[in-house]
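All values below come from the heavy atoms of this structure, side chains included, with hydrogens, waters and symmetry mates left out.
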Amino acid sequence: MEQGRIELSSLPSAFDLQSTLESGQSYLWWREDGEDYADETQHGGSKWYLTTTRVSDEPAVIRARQHDGGLEWQSTIDAEPILSRRLRLDDDLDAIRSTAPDDELIERAYDSYPGLRLVNDPPFGTLISFICSAQMRVSRIQEMQQSIRTEFGTPVSFDGSTYHAYPTPEQLAAGTEAELRDLSLGYRAPYVQRSAELVTDGTPLDVRGNPYEEAREALTEFVGVGDKVADCILLFSLNYLEAVPLDTWIRQTIEEYFPKCDRGNYTETSRAIRDALGGEYAGYTQTYVFHFLRNGGGDELSG
DNA sequence: ACCCAGGGAAAGT
DNA sequence: ACTTTCCATGGG
């Protein structure tokens with residue numbers, strides 16, 4: 001087992017692992033110890049999180065926690081460069097925040113979660129997990145990903161236990177709709193199976209290089225991917241930091257705080273809210289607001 | 001029993 | 001193009 005530590009004081013900005021991984025962005029990390037949400041006394045939470053990744057097509061396990069001013073990790077590989085990329089450790093949060101509009105809700109959201117970063121997850125896992133996210137609670141989306149890993153992923157031994165890497169497109173496409181329904185995916189089962197097949201058949205998933213709106217349009221080629229899920233894939237795995245997924249929470253936010261941005265359809269409302277949130281990093285700001293409101297932060301404001 | 005959950009596909013105007 | 005309707009499942 002390899003291990004290491006990244007000194008957080010060496011980063012350009014603050015970092016907070018717990019809010020980053022528990023803000024509904026990533027379903028590809030999971031908490032080692034299941035339930036205990038009570039022990040949040042220490043910055044970063046001090047809890048261990050796990051994820052899997054592939055290096056040269058070989059599956060690897062990474063375990064990380066924030067502890068005593070450092071991001072500590074244990075892994076089957078040298079995880080430092082991957083953690084840096086996946087957790088966007090080089091982002092300059094002050095510069096990003098400075099692009100956000102002067103607005104009470106947004107200031108409160110940023111102030112409430114210092115060190116919250118966007119994630120930069122692998123595209124395929126992001127595609128599948130956000131197909132699963134339709135009309136589903138966060139905890140169940142995570143459970144679905146665990147089931148998918150266990151059922152279809154390559155086993156990896158790490159620290160005396162067996163983990164499962166997230167399946168490749170080939171591994172998942174080889175599954176049947178019935179097998180996926182057995183994992184309680186419901187009506188999303190055929191979407192997942194067909195989208196995995198589309199990836200193996202060459203439909204482009206890494207659409208980086210295209211202008212934002214064209215990239216979003218291209219992703220809706222996948223089954224179970226509409227504009228909202230496409231925006232999630234762009235924001236959380238393909239480095240389109242301007243993407244603002246118009247989910248139920250953000251639509252409610254628009255209605256309450258930015259009513260002029262409601263243009264009746266996705267494309268135009270997206271343009272308006274993206275502009276209202278500062279353009280280039282609108283998706284970053286959206287993620288703070290989403291997490292803030294979902295944790296009840298709007299109750300004291302809306303009065 | 002009823003409602004909702006980070007929506008989208010299919011059918012109907 | 002725009003608007004319903006239906007979709008599986010588990011938790012409150």
Describe the nucleic acid contact of Gly24(A) in one word from base, sugar-phosphate, nothing, applying a heavy-atom distance below 4.0 Å.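 Base contact - Gly24(A) has a heavy atom under 4.0 Å of at least one base atom.
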- Task: Indicate, with yes or no, if the rings of Phe152(A) and Tyr166(A) have centres closer together than 6.0 Å.
- Result: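 So the answer is no for these two rings.
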**Ionic contact status for Glu197(A) with Arg194(A), cut-off 4.0 Å** = no
### Message
For Phe290(A) and Trp249(A), take the angle between the two ring planes, folded into 0 to 90°, and tell me which bin it lands in: parallel under 30, tilted 30 to 60, perpendicular over 60.
### Response
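Perpendicular.
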Using 30° and 60° as the class boundaries, would you call the ring planes of Tyr163(A) and Trp30(A) parallel, tilted or perpendicular?
tilted
Options [options], nucleotide nearest the side-chain atoms of [X]:
X: Arg140(A); options: dG7(B), dT9(C), dC4(B); result: dT9(C)
X: Tyr187(A); options: dG8(B), dG10(C), dC7(C); result: dC7(C)
X: Met136(A); options: dA8(C), dG10(C), dG8(B); result: dA8(C)
X: Tyr191(A); options: dC4(B), dG7(B), dA9(B); result: dA9(B)
X: Arg188(A); options: dG10(C), dG7(B), dA8(C); result: dA8(C)

Judged by nearest nucleotide, the residue sitting upstream toward the 5' end of DNA chain C, Ala134(A) or Glu143(A), is Ala134(A)
Leu234(A) and Tyr212(A) have their tightest heavy-atom pair at CD1-CE1, 3.6 Å
Heavy-atom nearest pair, Leu180(A) first then Val192(A), reads CD1-CG1, 4.0 Å
Counting only side-chain nitrogens and oxygens, does [X] get under 4.0 Å of the OP1 or OP2 atom of [N]?
X: Thr248(A); N: dG7(B); answer: yes
X: Arg181(A); N: dA8(C); answer: yes
X: Ser184(A); N: dG10(C); answer: yes

Exercise. Is a donor on one side and an acceptor on the other found under 3.5 Å between the side chain of Ser23(A) and the backbone of Thr20(A)?
Worked result: yes
Nearest-Å distance once atom P is located in both dG10(C) and dG8(B):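 Here dG10(C) and dG8(B) have their P atoms 22 Å from each other.
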Notebook entry, point to check: Mapping Phe130(A) and Val223(A) to their closest nucleotides on DNA chain B, which lands nearer the 5' end?
Noted result: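 Nearest-nucleotide comparison on DNA chain B picks Phe130(A).
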The correct set of residues in residues 262-288 of chain A placing a heavy atom under 4.0 Å from DNA chain C is none
Rounded to the nearest angstrom, tell me the gap between atom CG in Leu185(A) and atom P in dG8(B).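 Computing the Leu185(A):CG to dG8(B):P distance gives 16 Å.
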